[in-house]
Peer 1: 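Below you will find the structure I want to go over with you.
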Amino acid sequence: MIIDFHGMQCRCGTYRVMGEDKPILTLINPKDWEKSLKYDFTEPQAGLWCHFLTETEQSLYPFGN
């Protein structure tokens, strides 16, 4: 699923952390990289820049498993 997150197109997904799947957003357009830093995008593994959704954000954005 693709959503608009603060003006950036992102793809919804999951990332496994300590045995639990956490909802994440990943950038579609690499040109949004600098802007993504304002919204706590991190690199949990080399080459994967993502934003871990908070519970509040999960309620704002449709997210399906």
Side-chain angles (χ1 to χ4, degrees):
M1 174 187 320
I2 296 174
I3 64 167
D4 181 69
F5 183 73
H6 298 284
M8 300 176 287
Q9 284 195 338
C10 297
R11 183 169 283 115
C12 294
T14 57
Y15 187 80
R16 195 154 189 83
V17 178
M18 297 181 69
E20 185 179 340
D21 288 337
K22 302 282 187 176
I24 63 168
L25 297 177
T26 55
L27 290 176
I28 292 175
N29 186 347
K31 292 179 182 178
D32 289 332
W33 181 81
E34 271 190 63
K35 184 177 181 180
S36 74
L37 296 177
K38 296 177 187 176
Y39 298 102
D40 299 323
F41 276 70
T42 61
E43 189 179 25
Q45 70 184 47
L48 176 67
W49 283 89
C50 65
H51 172 74
F52 288 89
L53 291 171
T54 64
E55 287 184 26
T56 304
E57 290 170 336
Q58 289 179 52
S59 66
L60 295 174
Y61 297 98
F63 189 84
N65 292 330

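Owing to the predicted nature of the structure, the values given are computational and were not obtained by experimental measurement.
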Peer 1: Which pairs pass salt bridge (charged side-chain N to carboxylate O under 4.0 Å, His left out) with one or both residues in residues 45-54, sequence neighbours excluded?
Peer 2: none

Peer 1: On a heavy-atom basis, which atom in K35 and which in H6 lie closest, and how many Å separate them?
Peer 2: NZ-O, 2.8 Å

Peer 1: Apply side chain to side chain contact (heavy atoms under 4.5 Å, CB included) to F41 and F5, showing your working.
Peer 2: CA-CA 12 Å; F41 276 70; F5 183 73; 3.9 Å; yes

Peer 1: Show me the donor-acceptor pairs, under 3.5 Å and distance only, between side chains in residues 42-50 and residues at least two apart or in other chains.
Peer 2:
{"unit_1": "E43", "atom_1": "OE2", "unit_2": "G47", "atom_2": "N", "d": "2.7"}
{"unit_1": "Q45", "atom_1": "OE1", "unit_2": "Y15", "atom_2": "OH", "d": "3.3"}

Peer 1: To check you understand the geometry: which heavy-atom pair defines the closest contact between Y39 and H51, and what is its length?
Peer 2: O-ND1, 2.7 Å

Peer 1: If the condition is side-chain hydrogen bond (donor to acceptor under 3.5 Å, both in side chains), which residues does D21 pass it with, not counting sequence neighbours?
Peer 2: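 Residues passing side-chain hydrogen bond (donor to acceptor under 3.5 Å, both in side chains) with D21: R16.
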
Peer 1: Using the side chain to side chain contact (heavy atoms under 4.5 Å, CB included) rule, pick out the option among D32, I24, D4, L25 that qualifies with C10.
Peer 2: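 Exactly one pass, corresponding to L25.
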
Peer 1: Determine whether I2 and R11 satisfy the following criterion, side chain to side chain contact (heavy atoms under 4.5 Å, CB included), listing intermediate values before the conclusion.
Peer 2: CA-CA 5 Å; I2 296 174; R11 183 169 283 115; 4.0 Å; yes

Peer 1: To the nearest 0.5 Å, what is the distance between CG on D40 and CD on E57?
Peer 2: 8.5 Å

Peer 1: Please say yes or no: joined through hydrophobic side-chain contacts below 4.5 Å, possibly via intermediate residues, are L27 and I3 part of one cluster?
Peer 2: yes

